[in-house]
J.: 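Next up is a structure, given as structure tokens.
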Amino acid sequence: MGGLRSTQHDCGGGVSHSLSFLLGALLPTVLLFFLASDRVDEQLSSISTFRFGNGSAAHQLTRHAASLPTDVGDGADEKEESFPGLAELLPRVAMDDGTVIITSVNEAFARPGSLLDLFRGSFRDGEGIAHLLNHTLIVAADPGALALCEAVHPHCYLLQVMAAGVSSANGFLTRSYLELVWSKLTFQHRVLQLGYNYLYTDLDVMWLRNPFRHISLYADMAISTDRFNGDAEDLTNAPNTGFYYVRSTNRTVEMLRRWRAARSRFRPKAHDQEVFEAIKGEFVGGELQIKLVFLDTALFDGFCEYHGEMDRVCTMHANCCLRLATKLHDLRNVVADWKRYSSLTPPEKMSSKLRWTYPAKCAATMKIPA
């Protein structure tokens, strides 16, 4: 099997016979080791995806929770954090290929009429993507967010961050903001360790079409950009960690570990995106040899590098925008624009002059010229 042949026995040579026997016994084992060397916790993943005959998960948990201290991610902490119930929850959320969509939310973002409602609504209003909500895991940063999540969504997980103010609309680079963004990386690291791929999306990303059709099967990591220079592999692109895909391998598990550990090398207020921007070359050019792909803003649009066209875009991100109320205002315009576009017949769409409403309020917070 697999091209391996049984050892031929020579009755005339005792040493040759013994050596041949040993090589024949060891070679399949060595080959199997290398074939499996880039898979992460395969046995653990297989156990966690065990199903009963009726397809239900072996363990049915109604609520899952983990707590992280406020210094999580500082330094090269090698210990494995505990995420109770996560291994049992992921098989119920994952797609057939083991991919999970992940987003995070606090109480301010989860309140009725806030970002969580807009985010979930975008799947329902998008082109054939409503089913992807069934594969979306919403990670709550506080108990209030968990309760609000569970009222509207089937897959919620409490990753409680022990920092003051995490339930409010955190200002950019405040202590609570930093703990939220670094805690999500700790959680994602564990998802990879359990053998699952993930696509992380910020809650202020509106989903319009299926993004997986434009993510390379050969990429270890595919990441959105604030500004795209036309070359998907050029490291001078400006990455945005508000939307990115990671495939689970031993190399990407190590990449996440190094990314988290690198926090201690930078200023105290460095966030995950700043650190990634500084060290991405280490992942691509170092021994990990990560296949990193940058996503085109014509398909994965945002307020930083604004495109008016509506006929190809998969997602719209309220990046380059400060303050929750401002994001909500301009994202509601995005939703209204999309509904107008979606109401057109295919021939009308071909000739339509409809364009996205310019995100004027967000641009004003960043002083971006129209």
J.: Does NZ in K349 sit with more than 12 non-hydrogen atoms of other residues, nucleotides or ligands closer than 6.0 Å?
T.: yes

J.: Report yes or no: does E309 contribute a side-chain atom to a donor-acceptor pair with the main-chain N or O of A298 at less than 3.5 Å?
T.: no

J.: Relative to the ring of F187, is the ring of F83 parallel (under 30°), tilted (30 to 60°) or perpendicular (over 60°)?
T.: perpendicular

J.: Are E233 and K291 packed together at the side-chain level, in the sense that at least one heavy-atom pair is separated by less than 4.5 angstrom?
T.: yes

J.: Could you label the plane-to-plane angle of the Y198 and Y244 rings as parallel, tilted or perpendicular, counting under 30° as parallel and over 60° as perpendicular?
T.: perpendicular

J.: Under a 3.5 Å distance rule, please check whether H153 uses its side chain to pair with a backbone N or O of T136 as donor and acceptor.
T.: yes

J.: Would you check if the side chain of N319 reaches a backbone N or O of C304 as a donor-acceptor pair within less than 3.5 Å?
T.: yes

J.: Check whether any side-chain N or O of R209 sits under 3.5 Å from a backbone N or O of V313 as a donor-acceptor pair, and report yes or no.
T.: yes

J.: Any chance you could lay out the side chain to side chain contact (heavy atoms under 4.5 Å, CB included) test for L148 and R111, step after step, and finish with the verdict?
T.: CA-CA 7 Å; L148 291 165; R111 290 174 187 144; 4.1 Å; yes

J.: Flag the pair K280 / I223 as yes when at least one side-chain heavy-atom distance between them is below 4.5 Å, and no otherwise.
T.: no

J.: Under a 4.0 Å threshold between the charged nitrogen and the carboxylate oxygen, would R257 count as salt-bridged to E254?
T.: yes

J.: Between V335 and S122, is there a side-chain heavy-atom distance shorter than 4.5 Å?
T.: no

J.: Do we see a donor-acceptor contact under 3.5 Å between the side chains of D226 and N240?
T.: yes

J.: Are side-chain N/O atoms of T297 and H307 paired as donor and acceptor at under 3.5 Å?
T.: yes

J.: Would you confirm whether R120, through its side chain, and V152, through its main-chain N or O, come within 3.5 Å as a donor-acceptor pair?
T.: yes

J.: Side chains of L295 and L299: closer than 4.5 Å at any heavy-atom pair?
T.: no

J.: Given 3.5 Å as the limit, does a donor-acceptor pair link the side chain of D202 with the main chain of H317, or not?
T.: no

J.: Quick one: does T103's side chain have a donor or acceptor within less than 3.5 Å of a partner on T201's backbone?
T.: yes

J.: Under 3.5 Å, is there a donor-acceptor pair between the side chain of K327 and the main chain of L324?
T.: no

J.: Are the side chains of L288 and R258 in touch, meaning some heavy atoms are under 4.5 Å apart?
T.: yes

J.: Between W207 and F243, is the gap from one ring center to the other below 6.0 Å?
T.: yes

J.: Give a yes or no answer on whether the side chain of D220 reaches the backbone of I290 with a donor-acceptor pair at less than 3.5 Å.
T.: no

J.: Could you tell me whether the side chain of W259 and the main chain of D272 form a donor-acceptor pair under 3.5 Å?
T.: yes

J.: With distance as the sole criterion, is a donor-acceptor pair present between the side chains of T236 and N229 under 3.5 Å?
T.: yes

J.: Step by step, would you call C321 with C362 a disulfide bond (SG atoms under 2.5 Å apart)?
T.: CA-CA 5 Å; C321 186; C362 281; 2.0 Å; yes

J.: Less than 4.0 angstrom from a charged side-chain N to a carboxylate O is my criterion; do E127 and R213 meet it?
T.: no

J.: Is there side-chain contact between Y196 and P91, with heavy atoms separated by less than 4.5 Å?
T.: yes

J.: Please confirm whether Y358 and Y306 have ring centers closer than 6.0 angstrom.
T.: yes

J.: Using a 4.5 Å cut-off on heavy atoms from C-beta on, say whether the side chain of F303 contacts that of M316.
T.: yes

J.: For S104 and Y200, which I'm curious about, is there any donor-acceptor pair between the side chains at under 3.5 Å?
T.: yes

J.: Establish, yes or no, whether a centroid distance under 6.0 Å links the rings of F119 and F109.
T.: no

